[in-house]
Amino acid sequence: KDLSSGDEITRSFDVVIKPVISYLEIPYNNLKDGANYIENGNVVLVFYAPGKEFVNINGSFVDWKKENSYLMNYDPVLKRFWYEFKNLDNNKHYSYQYIVDGVISVADPYSEMILDSNHDSYLCLTQDCGFDKLPSYPISNNHAASVLDMDRQFNWEDENYLKPKKEELIIYEILIRDFDEGKSFKSLYERLDYLESLGVNAVELMPINEFDGNESWGYNPSFHMAIDKAYGSPQELKKLVNECHKRGIAVILDVVYNHATGQHPYFRLWNTKPDSYDGEPSEENVFFQISPVTEPYLNYFNDINHDFSYVRDYIKRINSFFINEYHIDGFRFDLTKGFTNENIAENYLSSRVDYLKNIADDVREVDENSYIIFEHFQGFEEKIFSDYGILTWGEENYNYNEATMGYSSDFSGISYKKRGFKNPTLVGFMESHDKERLMYKNIEYGNSSGSYDIKYFDNAIERMKTAGALFFTVPGPKMIWQFGELGYDISINNCPDGSINDNCRLSNKDSAFKLKMDNEIKRIQLFETWSRIISLRNKEKIFHTSDFTIEASSELKYIKLFSNESNQDISEVIIIGNFGLESINIPEEILPDGELYDIYSNNLELDKVSILNSPLQPGKFLILADGKTDLEDDIDMTLNTEHLYRKFKIYPNPTDDILNIEFPR
């Protein structure tokens, strides 16, 4: 009370009395951090929180009444807090949080699913979306809560599934949010017929971990191991993987371990603002740090400290969980160049190489055949990774797009050999989620000569066929960004109002299915062309040879393949594409000797004279071999001898009235 003024001033504060904790060894061997499901409805929670004095568990067990929370034991040998729940109902879900030192409430860093009072109300959490047993969670709680799923049974049907060879991968990169209007795991597995008909043998899911909010590309992870409920339940993800495996399609997860958002429990536990998400790591925080890396593009959100030994254990725990629980076939590690505390990440860093190789070893310890893909972009280190059997992303977006737009280019970097790799470990791509659409730039900026104009849609999409011919036929794994096979031509920077702005890069984009692109004849023809080339690649061993050359510096670009094996029907293949604006005569010296067959066009036999006397038109391609392919004929395909390669359709078949013959332009 202020005696001079008569005003009364009130101050409130909380008093936390440290309880007496039990120092007990965990009564089971080989338990992992997070939730461990023991038989008979028993669950042991294990929590790593160095430097913290005591931890309580609050949750639906006690109807979220903090005063009745459970005090965790402490194992002084393993340096872990732990608590065992016994005889939980196997048909229920439970929710919980850790209350650390009586003041900080956090979800489990190893949550498999979380509840979020700020965003869950906007999601479909009904039985139709795979959620029928979500536990209670008070709307007044501002922080995420973890979920225990006691009903974990799933009928896997992939016991006969074999992973495709990594050098033969055709990966289809998918952002579930924009792939289908359903925006869910379910909507994706209902589209698998489409992907299977294209011929891909792997899907790469952009991050499906919990992230801030409900709409994102996923590279802002808040809980690395939790499945984002915006896409569906854990059971729905298992259904997706199961359906993919039944079709021989591998599932690769895009994972983000360079950083995390402010929601992450280990960011909040040692933080200048532990009750919010925008503080900074305190000196006690060994898991997160103020980034020492100078490159701004490597500084996203909050930097994980990869010099802290426990971080490797954290990554191993999450990866092994996805392999064992979800049968995931491999991982694409985002931004691996940032896995360092050295100042300049662009430099060669032997410590980073060793660390990343150890992470690869950890994955292989769980599944020796798991795919490991790094987004690295550090040439010398990528060569070392190649020797170690690690795949790396191989971007050729700019050079392929210059070619499709009709400008000078050289995309020979799509070849792992051109990059100095000894092994076919380069995951080459023309487009990715982070690069502009080729067709958008074709139409906006395409070159022209006389009456031939690449800005004209039919010419632009025809050149995408030729780009595919000189892409899929290069030995080594390849990746397609969703809807490239339909010539998707909406800019990566398209805004909801139709304008183009860099700030709209992460905005929702309409699905090609919603836009009916899969019903447009020209786009269908591109799909069919890529599909047949992929089928040809899958059928003939020569497309996986190590003996090949690529010449891509002039307008007439070509790839020559030579068989590594004797007694093959095909010992030499040449793929030729005209990326210029005028017709070009094919030089005789680049053609194989002897008889030639257009193995793309139903093994049509060609003689050199007809080839040499028929200039290759702009935007067209040929796939010629010295023997026939065993690939089944395409009944809709024939050859126009005047132009060497041309596809037309005859319909309806059968007919009793009018017969239509449609020639592409």
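As the structure is a prediction and not an experimental result, all values here were calculated from the model. Computed from heavy atoms alone, side chains included, the values below leave out hydrogens, waters and symmetry copies.
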Step through the shown structure and confirm whether more than 12 heavy atoms of other residues, nucleotides or ligands are within 6.0 Å of NZ on Lys246. yes

Tyr48 and Phe308 aromatic ring geometry - parallel, tilted or perpendicular at 30°/60° bounds: parallel

Test: Glu396 and Arg419 ion pair at under 4.0 Å: yes

Gap between atom OG1 of Thr340 and atom CG of Asn305 - 0.5 Å precision: 10.0 Å

Side-chain donor-acceptor pair present, Asn423, Thr425, cut-off under 3.5 Å: no

Centre of Tyr326's six-membered ring, under 6.0 Å away, within 45 degrees of the axis: is that where NZ or CZ of Lys238 sits? yes

Do Arg177's NZ or CZ and the ring of Tyr231 fall within the cation-pi criteria of under 6.0 Å and 45°? no

Check: Phe385 and Val353 side chains under 4.5 Å, non-hydrogen atoms: yes

Ser291: which of Asn299, Asn258, Leu298 passes side chain to side chain contact (heavy atoms under 4.5 Å, CB included): Asn299

Without hydrogens or angle criteria, can the side chains of Asp329 and His245 be said to hold a donor-acceptor pair below 3.5 Å? yes

Polar side chain donor-acceptor pair, Glu431 to Asn397, under 3.5 angstrom: no

For a side-chain hydrogen bond (donor to acceptor under 3.5 Å, both in side chains) check, start with the C-alpha distance between Asn58 and Tyr96, then their side-chain angles and the critical distance, and finish with the verdict. CA-CA 6 Å; Asn58 191 16; Tyr96 69 98; over 6 Å; no

Parallel, tilted or perpendicular: ring planes of Tyr310 versus Tyr314, cut at 30 and 60 degrees: tilted

Do NZ/NE/NH1/NH2 and the carboxylate oxygens of Arg505 and Asp434 come within less than 4.0 Å? yes

For the backbone of Pro164 and the side chain of Asn201, can you confirm whether one donor and one acceptor N or O come within less than 3.5 Å of each other? no

Between Asn73 and Tyr23, is the side chain to side chain contact (heavy atoms under 4.5 Å, CB included) condition met? List the steps. CA-CA 6 Å; Asn73 305 301; Tyr23 289 82; over 6 Å; no

Side-chain donor-acceptor pair present, Tyr37, Asp149, cut-off under 3.5 Å: no

Using atom types as modelled and distance alone, determine if a side-chain donor or acceptor of Asn40 lies under 3.5 Å from a backbone N or O of Asn42. no

Sub-3.5 Å donor-acceptor pair from the side chain of Asp228 to the main-chain atoms of Ile208, do we have one? no

Start with the C-alpha distance between Tyr388 and Asp361, add both sets of side-chain angles, then the distance that settles side-chain hydrogen bond (donor to acceptor under 3.5 Å, both in side chains), and finish with yes or no. CA-CA 10 Å; Tyr388 208 65; Asp361 290 340; 2.8 Å; yes

Side-chain heavy atoms of Pro265 within contact of Phe223, under 4.5 Å: yes

Main chain of Asp108, side chain of Ser146: is a donor-acceptor contact present, judged purely on distance under 3.5 Å? yes

Drop me the distance from Phe288's CZ to Ser282's OG, to the nearest 0.5 angstrom. 12.0 Å

Are Asn347 and Glu342 close enough that a side-chain donor and a side-chain acceptor fall under 3.5 Å? no

Ignoring hydrogens and geometry, is there a side-chain-to-backbone donor-acceptor pair from Asp63 to Lys65 under 3.5 Å? no

Could you check whether any side-chain heavy atom of Ile57 comes within less than 4.5 Å of a side-chain heavy atom of Leu45, counting everything from C-beta outward? yes

If only atom types and distance count, is the side chain of Lys478 paired as donor or acceptor with the main-chain N or O of Phe429 below 3.5 Å? no

Just one of Arg317, Lys79, Arg80 clears the salt bridge (Lys or Arg N to Asp or Glu O under 4.0 Å) bar with Asp33, so which one? Arg80

Under-4.0 Å salt bridge between Lys435 and Glu395: yes

Give the ring-plane orientation class for Tyr98 versus Phe47, where under 30° counts as parallel, over 60° as perpendicular and anything between as tilted. parallel

Give a yes or no on whether a salt bridge exists between Glu280 and Lys273, defined as a side-chain N under 4.0 angstrom from a carboxylate O. no

Identify the two heavy atoms, one from Ile492 and one from His433, that lie closest to each other, and give their separation to 0.1 Å. CD1-O, 3.2 Å

Starting from the C-alpha separation in whole Å, work towards a yes-or-no answer on side-chain hydrogen bond (donor to acceptor under 3.5 Å, both in side chains) for Asn220 and Ser216. CA-CA 8 Å; Asn220 53 331; Ser216 171; 2.6 Å; yes

Between the side chains of Gln263 and Thr261, does any donor sit under 3.5 Å from an acceptor? no

Does Arg152 come within less than 4.0 Å of Glu325, counting only side-chain N to carboxylate O? yes

Between His327 and Asp158, does a side-chain hydrogen bond (donor to acceptor under 3.5 Å, both in side chains) hold up when you go through it step by step? CA-CA 9 Å; His327 293 199; Asp158 61 353; 2.9 Å; yes

Check whether any side-chain heavy atom of Val256 lies under 4.5 Å from a side-chain heavy atom of Leu335, and answer yes or no. no

Return yes when atom CD of Glu159 has more than 12 non-hydrogen atoms of other residues, nucleotides or ligands closer than 6.0 Å, and no otherwise. yes

Does a donor on one side chain sit under 3.5 Å from an acceptor on the other, for Tyr257 and His224? no

Quick one: does His264's side chain get under 4.5 Å of Phe301's, heavy atoms only? no

Take a 6.0 Å sphere around CD of Glu295 and say whether it holds more than 12 heavy atoms from other residues, nucleotides or ligands. yes

Does any non-hydrogen side-chain atom of Asp75 lie less than 4.5 Å from one of Trp82? yes

Using a distance-only test with no angle check, is there a side-chain donor-acceptor pair under 3.5 angstrom linking Tyr28 and Glu84? yes

State whether Lys183 and Glu215 are salt-bridged, where the test is any N-O pair (Lys NZ or Arg NE/NH1/NH2 against Asp/Glu carboxylate O) under 4.0 Å. no

For Glu67, I'd like to know if atom CD has over 12 heavy atoms of other residues, nucleotides or ligands within 6.0 Å. yes

Parallel, tilted or perpendicular, judged at 30° and 60°: which one describes the rings of Phe287 and Tyr266? tilted

Gln97 side chain to Ala144 main-chain N or O, any donor-acceptor pair under 3.5 Å? yes

When you compare the side chain of Ser432 with that of Met479, does any pair of heavy atoms fall below 4.5 Å? yes

Tell me if a side-chain donor or acceptor on Lys166 pairs with a main-chain N or O of Asn369 at a distance below 3.5 Å. no

Is the shortest side-chain heavy-atom distance between Arg332 and Tyr371 below 4.5 Å? no

Scan side-chain atoms only and decide if Thr392 and His376 contain a donor-acceptor pair under the 3.5 Å cut-off. no

